[in-house]
Amino acid sequence: MKFFIDTAEIDQIRELADTGMVDGVTTNPSLIAKSGRNFIEVIAEIAEIVPGPVSAEVTATDADAMIAEGRELAKIGDNIAVKVPLTWAGLKTCRVLSDEGRMVNVTLCFSANQALLAAKAGASFISPFIGRLDDIGLDGMELIADIREIYDNYDFETEILAASIRTVNHVQQCAQVGADVITAPPAIIKSLVKHPLTDKGLDAFLADWAKTGQTILKG
Ligand code: E4P
C-alpha cells in the first residue's frame, strides 16, 4: 500500500520524505489556503521533493476551463496528478487529460457508483473520503470495500486512494480492505509507529545495555 501525505506544508513533507515512506502528496484548495503560499510555487516545490504523484486540484467548474487548468498544472512536472471533482465536468476533464497521458485524481467521491464512473473515465486515482462519510453517520470504510469489489470485478486499473483519513485505525482498515493508497495528514502518519510497549521495551534494553559498558562502534 502506498502512503501519500495530505498537506501543502513543505517542512512536514520534507521531514516525512526523509523517512523513505512517502510515495506521493495530495493537496486541495483548502490545504493550499491554509499554507498561505502561492499555489503554483508550492506545488512545484512539493513536486521537486517527492518524485511520486503530487495532486494539484483544478478550481474551474466547467469542463473547458478545467481542462485548460489541468494542462497548466501538468506543466509543473511529470509527477503532477491533476485533481478534478466528481462532477460530469470533472469526469469529462478526466477522460480528456487521461487520453493525453496525464495522471488524474478524481476527488470528492462518496459513492461506489461515482467511483465506477471515475474508472470508466480513465482516472489514475479515485479519492473516496472516509472521514467525511463517518462524520454524517455513514461508514466510510464500507465504501472502500465496495469500490475494491467493483474494481476487481472488472480489472479496472484506477487506484483506490483512500482520503479524509482521520485515525490510525482508518489506515489499518484501509490496508485490510485493500485500498491501493492512503493519503493522511502528517500527524496520522507519524502516529503509525507509536506503541507504548515499543517505548517501554526500548527503555529496558537501553538500560541493560548501559550496564554492560560496551559500545558497538569503536572509538
Ligand atoms: C485528499 O485528497 C482530501 O482532500 C483530504 O483527504 C480531505 O480530508 P478532510 O476530509 O479531512 O478535509
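Each ligand, and each atom within it, is numbered from 1 in the order the structure gives. Worth saying up front: this structure is predicted, and the values here are computed from it rather than measured. For the single chain, residues carry numbers from 1 onward in sequence order.
Leu197 belongs to no hydrophobic cluster, as no Ile, Leu, Val, Met, Phe, Trp or Tyr side chain comes under 4.5 Å of its own.
A salt bridge links Asp99 and Arg95; the closest N-O separation between the charged side-chain nitrogens and carboxylate oxygens is under 4.0 Å. Taking a cutoff of 4.0 Å between a charged side-chain nitrogen and a carboxylate oxygen, Asp208 and Lys211 qualify as a salt bridge.
Of the possible donor and acceptor atoms, one in the side chain of Ser124 sits under 3.5 Å from a partner among the backbone N and O of Val104.
Protein residues lining ligand 1, listed by chain and number: Asp6, Thr26, Asn28, Lys83, Phe129, Arg132, Ala163, Ser164, Arg166, Thr183 [non-hydrogen atoms, distance under 4.0 Å].
Residues satisfying the side-chain hydrogen bond (donor to acceptor under 3.5 Å, both in side chains) criterion with Thr158, sequence neighbours excluded, are absent altogether.
The side chain to side chain donor-acceptor pair (under 3.5 Å) pairs that include a residue from residues 39-56 are Arg37-Glu45, Ser55-Asn105, where partners are two or more places apart or lie in different chains.
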